[in-house]
Structure formats: structure tokens, C-alpha cells
Trainee: 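Could you have a look at this structure, given as C-alpha cells, before my questions?
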Amino acid sequence: MSRSRSNAAVTWAETMALWLLPALFVASLFAMRDASLPFWQAFNLDPDYYYLLNGLRLVEGLSPTDVSHPGTPIQVLIAAVIRALHPLDPMERVVDAVLADPEGHLMAATTVIFLLVGASLWLMGREAFRWGGLAPALLAQSSPFLARIIVKMALHPKPEPFMVIAAALLVAVGFAALRAERCRDGHAVLAGLVMGFGICCKIHFMALGVLPLFLFDRRRVVVYAGVTLLSFGLFFAPALGSLDIWLDWLHRVFLGAGAYGDGPQTVIEPGKYVRAIWRLFSAKWFYTGAVILSLSLLLVHGLALRSGRAAPDRRTRLLLGLVAAAFATHVLIAKQPAPHYMVPALMLTGPMLALLWAISRESVPERLWRPAWAVLGVVLVVAGGNAQWRQRTELAQWSRDTQAFVMEERFAACARVYFDAASAKSFAFQRGDMNALARYSPRLEKLFPAEEYSWFIFDHTWWKQSLMRWNKPVELDAILAAHPCTVFRGNQYQRFRDLNHTMRFDDSCPVGEEMIFTLGVTCDGQPVGR
């Protein structure tokens, strides 16, 4: 009886330990979200408002039209949250409620996303625990704490938190397959379901698809590939009405040597491309260190295997799969080496460390192994906590800087023109609505002052450079003639100045990472005679 109670107590303690890091990460997400609100600020609105309005399209029974990621599962979740908040309301009232309170609906959606992220990290930890114990489980769960970009991107209703979920679930399947004496069809089916989901969230998640290939035999690989295709089709189904938009975007992105299909239509520029692959390792110390240590261990194991001093080890196969998936991510995103595209690969850092912990325990003397991992554990805790604190501090500072300058109060009589990307609710809605094919412009026009305009100074996915008042193009000369003063605000101000190099502004002032330019008024709101 006593032994039974003791085992039950240990199991309970271990279960609580497996919730520790997921709970801390979810708490960090809530704290950072609160520090970075509102969602319409320039550093948040892409793609929060895009996905909100495309989720609203789904509620109305229409296909989403912002499908470049393609991002369908996120839009479906937002649609489900909207409908859950208004279960009995007629459609007109639902649309009006979302447009009147976008922030409240985005808060509800991100709350659900945060909880799903925490659950996926727990599930990955549980499978790692069943395979190797508590230490490998905690190491596997540490990934989100070891790269600031993960928590920063996971704050939003966008593909990145869903790729955190998909990466955690895929690794969980890997640990489950490793624990089994032999891989089963069930492992291949689960891996395929996760892969189809992840790819439908963001296309470059397919790089992680190489991971299961190192564990499955030929039969399971066929099952895995087939289920992946079916899963992708299932998750993409709500967006089938926009399939032509997605295929056109995919074609352009594939042919273009630069970001978003720009540059020479040669697929890649070899010199820039190869440099970008290696540059993606920069400033990612834990990830890069884990990859280097993994490659070193795999090299040693391979040499020992060739000389007959070691037997085949399925753990090294999973480790090789993780490293291969990481490199495949670099190869896939090198045309546009944006840091947030690395989220799936960065999520593999903890699982690599977990496997290194287990494999090195058998090959490194205990007197060296134990203190080395103890020191690393302390470093991970300190660095992870520091990264979370620094990220929250940065977001809070951005919010303070952005909100310190209230355009409506200082320039009430002026035309207010927001260019890419500006911290203004109308601009966030305007860009989001353009990604929804301007479906909600007639309603939104009634909700905002007539003095507010949006100026798109870049070509966007579905529209070109243009000065807009909702779904209507506007001439700058008409705006200047209709108002005693005009104020411009946005963060791509060098591009804005280049486009307007002949215009003589009366004043300019920085607001955080944005810049304000004025005509007929100074930055402190005083009229200027022209």
C-alpha cells in the first residue's frame, strides 16, 4: 500500500513538472500580449487584421481570400471563435459586432491559440518523458524559451503559433515512434495528419516533412505521404474557392529569385541564396550550438558504426531527422531569409538537446557528463528567462512610444494619411479589408472619420500602390485641396520620402519606429502659413 501511494505521488509530481514549462510559456504569452496591445499598432496589424476579416468571411460562408500562407486553419479557428461568441445572432449582427470590436474578438482568438500552444508543448513533453524520462522532456519543451522570435511571433493569430503547435506534435510522434519497438501505421498516420496541418498553416513547414523519413520503413513512408496529401486537402478545403489565387501566388513565389516572387525569374540567385542559408544561423546561439553538437555526435557515431564499434541506434536516426529538417528549412526560406520563417526549425532545438542528453549519457564519463549538463541547464534557465523579460520590455516600450502621439487630438482639422505600415485602427482595417477583397469597406467607411486615408506605397498581394479611402482610389491633390493641413504617418518612411522627393514638408518627427511628416501644420499642432 505504501509503495503504491509513493508511486502515485511520483507520477503526480512528474505530471505537474511536465506542465511547468508549457504553463510558463503560456503565462509569458499573456503578459507579452498585454504589453503589446492594441493589435492595430504597426508592429501587430500584419496579419492580425487580415486574418480577422478573412475569418469573418468564413463565418459568412465565403472562402478566405488571404491565402498566401495559405493559413486556412488559423482563419477557421478565428471563424469558430467569432461564431462561439455570437452563437444565436443573425449574420448581419455578427458582422457588425466584429467590425465594432475587432480587438475583443482578436483577444478571444489569441487566448484560444495560447492554450492550444501550451497543450501541444505538454503533449510533446509527455511523449519525451515516456521515452526517456523527465530531463529529456523538459529539454524538449525548452525550445520556445531559447529564441525570442518564437514568443514574439506566437503572440498573434497568424501561422507561427500554429507552426509551434505542429512542430511540437510532429516531434511528439517522433518520440512515440522511438519508444515503440517498431514503427506502426498509426505513427505514419499521425505524422501525416500533423504535416498536412502544418503545411496548410504555412507552406514552408513542408521542410519538417523529412523528419519522419528517418524513422519509417518504405511502407510507412507511403502511408505517411498519402495521409499528408489528404490532410492538406482537408485543412485547405474551406479555401477551395480561392484556389486560383493561391496557385497564382505559389507560381510567382517559386519562379522569383527574391522575396514574394520579386527579382529575376530564375528561382534562385546562387550567390545570394547560398550566403542566406548560412546567414540564417547567425545570432541563434542555442539553435546553432545544438545543430553543431548534433552533427559532431552523428559524425562520431557514423565512424564508430563503420568500424563495427557501435550498433545501429534509432535515437541517432531521429537526431539526424531533426538536423535534416533544420537544414531543409534553411534551404526552403533562403530566398527570403526572414527570422520568423525560422520558427519551425527553432522549435527543434529542445528535442535535439533531449536526444543529445540521452545519447551522451552512455558515451561520456559520468564525472564530466553530469556537471556539463548541470551547467547547461542553468544557462538555459537564465538565458530563457532573460529572453522573455527582454522581449516583454521591448514590446512595452514600442507600445508606449506608439501611443504617446495621438493623431486625432493633435491634428483634428487635418487630413490624416497613413502609409505602410502605420499605427492607426483605420489603416489596420483598411489593409485587412483589402486582403478580404474590400468586402467590408462600405460598412467600415461609416465607422471612421472622413479625414483618414490609407496610402499603400508598396505593391501588395491583391492590389498595387495606391492612395485609398476604403475601396475608392483618391488623388493626393484632392486631399490637399480639401483640408487646411495634411499629416502623413508610417514606418516605411524612407520609401515614402523617395516616392515624394519633390514635396516640401513643413515638419517631421519620429514616433517610435514610425515617422510623421506634415503640410500646413507643425508636429506640435500649430498651423503654418504656406
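Residue numbers run from 1 in the order of the sequence given. The structure presented is a predicted model; accordingly, all values stated were derived computationally and were not measured.
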Trainee: I would like to know whether Phe517 and Trp455 meet ring-ring contact (aromatic ring centres under 6.0 Å, His included); could you show each step before the answer?
Mentor: CA-CA 13 Å; Phe517 302 97; Trp455 192 348; over 10 Å; no

Trainee: Is the distance between the ring centroids of Tyr418 and Trp40 under 6.0 Å?
Mentor: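 They do not qualify: ring centres at least 6.0 Å apart.
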
Trainee: Could you check whether Asp420 pairs with Arg431 (Lys NZ or Arg NE/NH1/NH2 to Asp/Glu carboxylate O, under 4.0 Å)?
Mentor: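 Result for this pair is yes, salt bridge flagged.
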
Trainee: If we ignore hydrogens and angles and just use 3.5 Å, is the side chain of Lys158 paired with the main-chain N or O of Ile74 as donor and acceptor?
Mentor: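 The answer is no, because no donor-acceptor pair under 3.5 Å joins these two groups.
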
Trainee: Tell me if the CZ atom of Arg443 is crowded by more than 12 foreign heavy atoms within 6.0 Å.
Mentor: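 Counting other residues, nucleotides and ligands, CZ of Arg443 exceeds 12 neighbours.
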
Trainee: With sequence neighbours excluded, what pairs up with Tyr287 under the ring pair (Phe, Tyr, Trp, His ring centres under 6.0 Å) test?
Mentor: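 Expected list: Phe281, His330.
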
Trainee: Is the backbone of Pro64 close enough, under 3.5 Å, to the side chain of Ser242 for a donor and an acceptor to pair up by distance?
Mentor: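 Yes; at least one donor-acceptor contact below 3.5 Å.
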
Trainee: Between Gln494 and Asp498, is the side chain to side chain donor-acceptor pair (under 3.5 Å) condition met? List the steps.
Mentor: CA-CA 6 Å; Gln494 291 297 343; Asp498 291 343; over 6 Å; no

Trainee: Quick one: do Asp185 and Arg219 make a salt bridge, cutoff under 4.0 Å?
Mentor: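 Salt bridge flag = yes for Arg219 with Asp185.
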
Trainee: Checking Gln403 side chain against Asp401 main chain: does a donor-acceptor pair fall under 3.5 Å?
Mentor: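 Here the side-chain-to-backbone pair does not exist.
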
Trainee: Distance under 6.0 Å and angle within 45° of the ring axis: does Arg495 meet both against Phe458?
Mentor: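 Here Arg495 passes the 6.0 Å and 45° test against Phe458.
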
Trainee: Please check if the distance between the ring centroids of Phe488 and Phe419 is under 6.0 Å.
Mentor: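 Not close enough - the centres of the two rings lie 6.0 Å or further apart.
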
Trainee: If we count only N and O atoms by modelled type, under 3.5 Å, do the side chains of Ser399 and Gln41 hold a donor and an acceptor together?
Mentor: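 Side-chain D/A pair, Ser399 to Gln41: present.
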
Trainee: Between Phe429 and Tyr49, is a ring-ring contact (aromatic ring centres under 6.0 Å, His included) present by the stated rule, with each step listed?
Mentor: CA-CA 6 Å; Phe429 258 135; Tyr49 272 69; 5.1 Å; yes

Trainee: For Phe236, does the CZ atom have more than 12 heavy-atom neighbours from other residues, nucleotides or ligands under 6.0 Å away?
Mentor: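 Atom CZ in Phe236 is packed in, count exceeds 12.
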
Trainee: Ring-plane angle category for Phe232 and Trp246, please: parallel below 30°, perpendicular beyond 60°, tilted otherwise.
Mentor: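 Aromatic pair Phe232/Trp246 classed tilted.
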
Trainee: Does a side chain donor of either Tyr51 or His69 reach within less than 3.5 Å of an acceptor in the other side chain?
Mentor: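 A pair is found: one side chain offers a donor N or O, the other an acceptor, under 3.5 Å apart.
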
Trainee: Quick one: does Asp433's side chain have a donor or acceptor within less than 3.5 Å of a partner on Ser441's backbone?
Mentor: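 Yes; at least one donor-acceptor contact below 3.5 Å.
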
Trainee: Would you please say whether a donor-acceptor pair under 3.5 Å links the side chains of Glu394 and Gln391?
Mentor: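 The answer is yes; a qualifying pair exists.
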
Trainee: For the pair Phe114 and Phe30, name the ring-plane relationship: parallel under 30°, tilted 30 to 60°, perpendicular over 60°.
Mentor: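 It falls in the perpendicular class, over 60°.
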
Trainee: State whether Asp96 and Arg93 are salt-bridged, where the test is any N-O pair (Lys NZ or Arg NE/NH1/NH2 against Asp/Glu carboxylate O) under 4.0 Å.
Mentor: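 No.
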
Trainee: Considering the options Glu513, Glu408, Glu514, Glu452, which one meets the salt bridge (Lys or Arg N to Asp or Glu O under 4.0 Å) requirement together with Arg489?
Mentor: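 Going through the options one by one, the only one that passes is Glu514.
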
